[in-house]
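Report on the following structure.
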Amino acid sequence: MKYISTRGQAPELTFEEAMLTGLARDGGLYVPAEIPTLSREEIAGLAGLSYEETAFRVMKPFIGDCFTDEEFRGIISRAYEGFGHAARAPLKQLAPNHFLLELFHGPTLAFKDFAMQLIGQLFQTALARRGDRVTIAGATSGDTGSAAMEAFRGLSNVDVFILYPHGRVSEVQRRQMTTPQDANVHALAVDGDFDDCQARVKDMFNDFDFRDGVKLAGVNSINIARVLAQVVYYFSSAVSLGAPEREVSFTVPTGNFGDIFAGYIAQQMGLPIKDLVVATNQNDILHRCLEGQGYHKGDTQPSISPSMDIQVSSNFERALYFAYGKDSGAVAQLMDELKSGGFEVSQGAMQALGETYKSGRASEEETLATITSELAASGELICPHGAVAVKVANEQREAAVPMVTLATAHPAKFPAAVKQASGIHPDLPARMGDLFERDERVTRIANDLAALEAHIKANIAS
Ligand SMILES: *Cc1c(COP(=O)(O)O)cnc(C)c1O
């Protein structure tokens, strides 16, 4: 299995190389050269298996021979052993034929743990074998950073630097990033918004002297290993609901497009997914683009679902690559136009996107109203990200097709909005009850490439 860049100018890599590299050297994102498929029998054979065994069978074709079966089974088992639910990704019913996929039982209470815990174990195994060490830099709108720090803390061959927008993450998110005491994980509060953080990380990767000097690696949602880890719960949930005999639809609260793109891969692998619905908050650039209005950056409006507050949706590049029939030249040109504000999508690519994705948006008021109404209707307390998706799912779902809505975070990660809508203060699970008493460790830093690079160089273990 080979991995190629969406922009066509970077070397082909194996799974392990693509994972350790993150962003391709031509600025593009790695994608599998061919998406492998599972037969109907293989999909039917997933019924009743553990989450871990499902993960092994779904991801194995992407991994090739980078890890032995025994190594890979061990990696998966260590990745998910810290989860607080035996099913890892349990389904809960909200209404007739409407299900919530709870993806928040990992150590940082958000779905990012599914990919990050796995990638931590994959990195550790690969680097130990190579006798190598790397520096991981990542930008976060809140949940990626804590998931990365939790997954990599204490590992001897990795330093982790996480950039988050100062003052724009929830207190629980911030504390999850500033309280790990392990010397190899570092929280950086940047004076800027999430797009600034993401842009500075991209700049570091494009500064080849720095990149090679500190052996920079990325675990942001652009990392193909993360996307592939997320393909698994589309299979586990759809099979629980009757796939491959029955079609299933999914609604996904979307920001960087990694999670929903994993759904596209599952569909291409042969999982009978009817609709893939992109749900956005008031930062609805993706919804507008999918409605045919082009992709044009504006200002980010801070919302109560902050992990979706973006203008530059990195993984959308992968969706465009496939919608443009794998034309990497066309993708490179669109991404060039994006630097100066935005681009229009060709008619052919719009048609391809329209065949794959539906979309909708929820305003702040609609998000709050959905938390309130869902509590009354089903007794479920839903975080604002999940509420955005439930609102959109209710508009889009068809009675005869099961709809799975992804609940990407635990309500206790966003207590202010949840309390405002429901009157209930959601408690953290007992295993995190002392989060507010732990000491915080963070460096406030300018939105400036030179300052960031100097700080990282000065703080890596060598
Ligand atoms: C990251 C995140 C999202 C958005 O996921 P993408 O893969 O970036 O589209 C949604 N909800 C929560 C809680 C998140 O942490």
Side-chain angles (χ1 to χ4, degrees), residues 29 100-116 119 138-148 150 162 164-165 168-170 172-174 176-177 194-195 197-198 219-231 233-234 250-266 276-281 283-287 289-290 300 303-319 357 359 361-362 367 371 382-392 405-415 417-418 426:
L29 310 187
L100 199 63
L101 182 60
E102 292 188 345
L103 300 175
F104 50 71
H105 295 283
T108 68
L109 309 181
F111 86 96
K112 305 267 182 344
D113 289 324
F114 277 89
M116 210 62 86
I119 225 183
T140 187
S141 52
D143 295 324
T144 305
S146 54
E150 198 54 52
I162 296 298
Y164 71 84
R168 301 220 192 170
V169 298
S170 81
V172 173
Q173 289 178 318
R174 188 192 75 233
Q176 285 183 330
M177 289 188 278
F194 170 61
D195 288 314
C197 295
Q198 189 159 256
V219 295
N220 256 36
S221 63
I222 54 165
N223 194 302
I224 188 65
R226 277 191 52 193
V227 175
L228 298 177
Q230 293 167 181
V231 174
Y233 45 72
Y234 287 89
F250 289 88
T251 302
V252 185
T254 298
N256 254 328
F257 218 82
D259 210 2
I260 185 105
F261 186 73
Y264 169 76
I265 293 190
L276 277 173
V277 184
V278 173
T280 74
N281 67 21
N283 296 291
D284 59 354
I285 184 164
L286 286 166
H287 172 54
C289 180
L290 292 168
T300 307
S303 80
I304 54 172
S305 47
S307 302
M308 297 153 72
D309 289 350
I310 57 133
Q311 294 297 324
V312 178
S313 179
S314 316
N315 281 288
F316 194 50
E317 176 167 346
R318 290 190 165 108
Y357 305 102
S359 68
R361 57 111 68 189
T367 306
I371 296 175
I382 297 176
C383 112
H385 305 77
V388 165
V390 167
K391 186 263 179 185
V392 173
T405 295
L406 274 54
T408 47
H410 191 286
K413 271 197 118 159
F414 304 94
V418 171

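Whatever order the structure lists them in is the order used to number ligands and atoms, beginning at 1.
Taking the side chain to side chain contact (heavy atoms under 4.5 Å, CB included) definition, one finds that Ser170 meets it with Val172, Gln173, Phe414, sequence neighbours left out. Checked against salt bridge (Lys or Arg N to Asp or Glu O under 4.0 Å), Arg361 has the following partners two or more places apart in sequence or in another chain: Asp284. Take Ala262 and apply the side chain to side chain contact (heavy atoms under 4.5 Å, CB included) test, not counting sequence neighbours, and it matches Val227, Gln230, Val231, Tyr234.
Side-chain contact between Thr251 and Leu406 is absent, with no heavy atoms from C-beta onward closer than 4.5 Å.
A side-chain hydrogen bond (donor to acceptor under 3.5 Å, both in side chains) with Thr108 is found for one member of Asp143, Asp113, Thr144 and no other, namely Asp113.
For ligand 1, the protein residues within 4.0 angstrom (heavy atoms only) are Phe111, Lys112, Asp143, Pro253, Thr254, Gly255, Asn256, Phe257, Gly258, Asp259, Ser307, Met308, His385, Thr408, Ala409.
Ring pair Tyr264/Tyr357 is tilted by interplanar angle, where 30° to 60° counts as tilted.
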